[in-house]
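Notes for the one structure printed next.
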Amino acid sequence: MTLKLWNTMANTLEEIDPIVAGEIRMYNCGPTVYSDPHIGNFRSFLMADLLRRVVDQRGFKTTQIMNITDVGHLTTDDVADATGEDKLEKKAREEGLDPFEIARNYEKIFHDNAEQLHLRKAHAYPRATDHIPEMITMIEQLIERGHAYEVPGVGVYFRVQSFDQYGCLSGNTLENLDSGSRIAVDDRKESPHDFALWKIDEKHLMQWDSPWGRGFPGWHIECSAMSHKYLGGTFDIHTGGEDNIFPHHECEIAQSVGSGVGEFAKVWVHARHLLVDGEKMSKSKGNFFTINDLFEKGYQGYEIRYSLINSHYRQPMNFTLQGLEGDSKAIQRIRSLREKLQAAESESATATEDLQQRLQSARRSFDDCIDDDLNISGALGVLHEEVRWLGREEPAGEGAGQALEFLRHCDEILGVIFVEEESAEEELSEECMGWIRDREQARKDKDWALADELRDRLKDAGVLIEDGPEGTTWSRIR
RNA sequence: GGCGGCAUCGCCAAGUGGUAAGGCACGGGUUUGCAAAACCCGCAUCCCCGGUUCGAAUCCGGGUGCCGCCUCCA
């Protein structure tokens, strides 16, 4: 089977057919770096990572580009277009810092989180602010071709009327757009739907020189300019969150195709938003989680990752802490099987025919699910069934090795089984360590009453004690 | 008003014409000093009403409910 993905443009499942044989070029809409990345952001980035991993595993030469939006888009509390206060500027004012510093700071947090959640590194993370000249060039091309016009002293706008395809991605064609409903009509624009490519505003903190005056770029042009620079005017896959479909991606198409650089992206893949406790995540509702919030609660990167990739990307996922806890149990079971297999691998034993056949067919089923529009849930079903079977069979030697190979194959996509624990366990207090030592002694003396009492005491102190065949271990209760 | 999506066990979630994967939770076991972990057993006829078909969760028609986007938002 070959990889199929749901193409938002065609609204149908499509086989991925590379433009250049054996190569996939992909552009992912990345983070806007003016606040801590939250689980919703990462659901979308993880979808892109999954895609990246599948394409890698299928043997394509992959180029993955993820942009960093550090210009800060504008807030539009009452008025649309480039007239609100820039988010970065707002932060800068609140935090008393330079907007560039703030952007770099959050950019670093994004990269840290991405690493902690085991995302493969993209081949480049171009920043918008590093590509102002490219954006200016593209705007000039648009003006030349009649797709854009300057309003002196105000900026440059894209002439939506001039672009027939406008609306092809979102269905928001000019006829469908409810003129003026949420857009304050600005007389200086030819049409209310025209969007800013360059904006002049003296008060803006981030400014660059341009042929139209000192100002800053509109908020769609960066992706058109950077995707063109790094991937060419026509490339295979473009991803983003569903909210990007309109206006962002619609405008990108208009800019890229309009400027004549190429046909732009062939396949558009969009991740649905996630809900938290059944509602849209928002700070005021108190159901807002950043990745770092979850780390503070004691979750490992692979647990968070597993939970966020666990449901289909085109399905509105409902995130709950209870669900995360359950997912954590599920992934721990797989990881402990991995440990058992690793321990048994050195024994000398040959793999049974039955085992080899099972693993082979499981692997095929797993791949088929993944190829079918990234059906992770289906793939995990296959994995879990094998995990249960392997847990029962307890293969050793060669068999364990082959089982591990199967797990590794799955984990090339999942990225949750063979990755390491995030941070070394911090030290326990002297008191707790003392209790643990006392309990060891009590168990040797078969003083079960004392041993149980100490275990309870440790539990109250937030330490879980487990006696296994390999000895006693402790872990933090979260 | 326009565009799009969804409705399967307590919760999460596969399945797209052949008679309901999987995970978590739960109940009963094996094991364990007890417990944990692991393993075994059990646990749904698919929002409603019509229709097509030998056969539908899956296709068609009509309801009902929920959600996203329509220039901040992954």
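- Residue Gly40(A) is in base contact, counting any heavy-atom pair closer than 4.0 Å across all strands shown.
- Residue Arg333(A) is classed as a sugar-phosphate contact, given heavy-atom separations below 4.0 Å to backbone atoms only.
- Across all strands shown, Gly381(A) has heavy atoms under 4.0 Å from base atoms, whether or not it also approaches the sugar-phosphate.
- Not a single side chain to side chain donor-acceptor pair (under 3.5 Å) links His118(A) to another residue, sequence neighbours left out.
- For Leu464(A), the side chain to side chain contact (heavy atoms under 4.5 Å, CB included) partners are Glu466(A), Ser475(A), Ile477(A), not counting sequence neighbours.
- When heavy atoms are screened at a 4.0 angstrom cut-off, Ser170(A) is found touching the sugar-phosphate backbone but no base atom.
- For the pairing with His270(A), the side chain to side chain donor-acceptor pair (under 3.5 Å) check across Arg314(A), His249(A), His238(A) returns one residue only, His249(A).
- The side chain of Arg388(A) contributes an N or O atom lying less than 4.0 Å from OP1 or OP2 of G23(B).
- Ala330(A) comes within 4.0 angstrom of sugar-phosphate atoms only, judged by non-hydrogen atoms across all strands, and of no base.
- Heavy atoms of Arg338(A) sit nowhere under 4.0 angstrom from any nucleic acid atom.
- Between Phe158(A) and Phe195(A), the ring center distance clears the sub-6.0 Å criterion.
- Nucleotide A13(B) is matched to nothing when pairs are restricted to Watson-Crick or G-U wobble geometry with both distances under 3.5 angstrom.
- Residue His38(A) is in base contact, counting any heavy-atom pair closer than 4.0 Å across all strands shown.
- A straight line from NE2 of His384(A) to C1' of A21(B) spans 12 Å, rounded to a whole angstrom.
- For A20(B), there is no paired nucleotide, since no Watson-Crick or G-U wobble pair has both relevant distances below 3.5 Å.
- Pairing for C69(B) is with G2(B), a Watson-Crick or G-U wobble pair whose two hydrogen-bonding atom distances lie under 3.5 Å.
- Under 4.0 angstrom from either OP1 or OP2 of A38(B) there lies no side-chain N or O belonging to Lys340(A).
- Taking a pair to require two hydrogen-bonding distances under 3.5 Å in either a Watson-Crick or a G-U wobble arrangement, G27(B) pairs with C41(B).
- Remark: Arg392(A) is in phosphate contact with C40(B), judged by side-chain N or O atoms under 4.0 Å from OP1 or OP2.
- Figure legend. U64(B) is base-paired to A7(B); pairs are counted as Watson-Crick or G-U wobble with both atom distances under 3.5 Å.
- Contact check, Asn41(A) against A74(B): a side-chain N or O comes under 4.0 Å of OP1 or OP2.
- The side chain of Lys280(A) places an N or O atom within less than 4.0 Å of a non-bridging phosphate oxygen (OP1 or OP2) of C69(B).
- Within the 4.0 Å cut-off from OP1 or OP2 of G4(B), not a single side-chain nitrogen or oxygen of Asn11(A) is found.
- Within the nucleic acid shown, Asn244(A) comes within 4.0 Å of sugar-phosphate atoms alone, with no base atom in reach, counting heavy atoms only.
- Protein atom CG of Leu464(A) is 7 Å distant from nucleotide atom C1' of A36(B), rounded to whole Å.
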| query | Going through the distances and angles, do Lys297(A) and Asp293(A) end up as a salt bridge (Lys or Arg N to Asp or Glu O under 4.0 Å)? | reply | CA-CA 6 Å; Lys297(A) 288 184 187 296; Asp293(A) 285 341; over 6 Å; no
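- Here U53(B) sits opposite no nucleotide as a Watson-Crick or G-U wobble pair (both hydrogen-bonding atom distances under 3.5 Å).
- Checked options Glu339(A), Arg338(A), Lys340(A), Glu345(A); the residue passing with Gln342(A) is Arg338(A) (criterion: side chain to side chain donor-acceptor pair (under 3.5 Å)).
- Listed pair Thr320(A) / C12(B) fails the phosphate criterion, with no side-chain N or O lying under 4.0 Å from OP1 or OP2.
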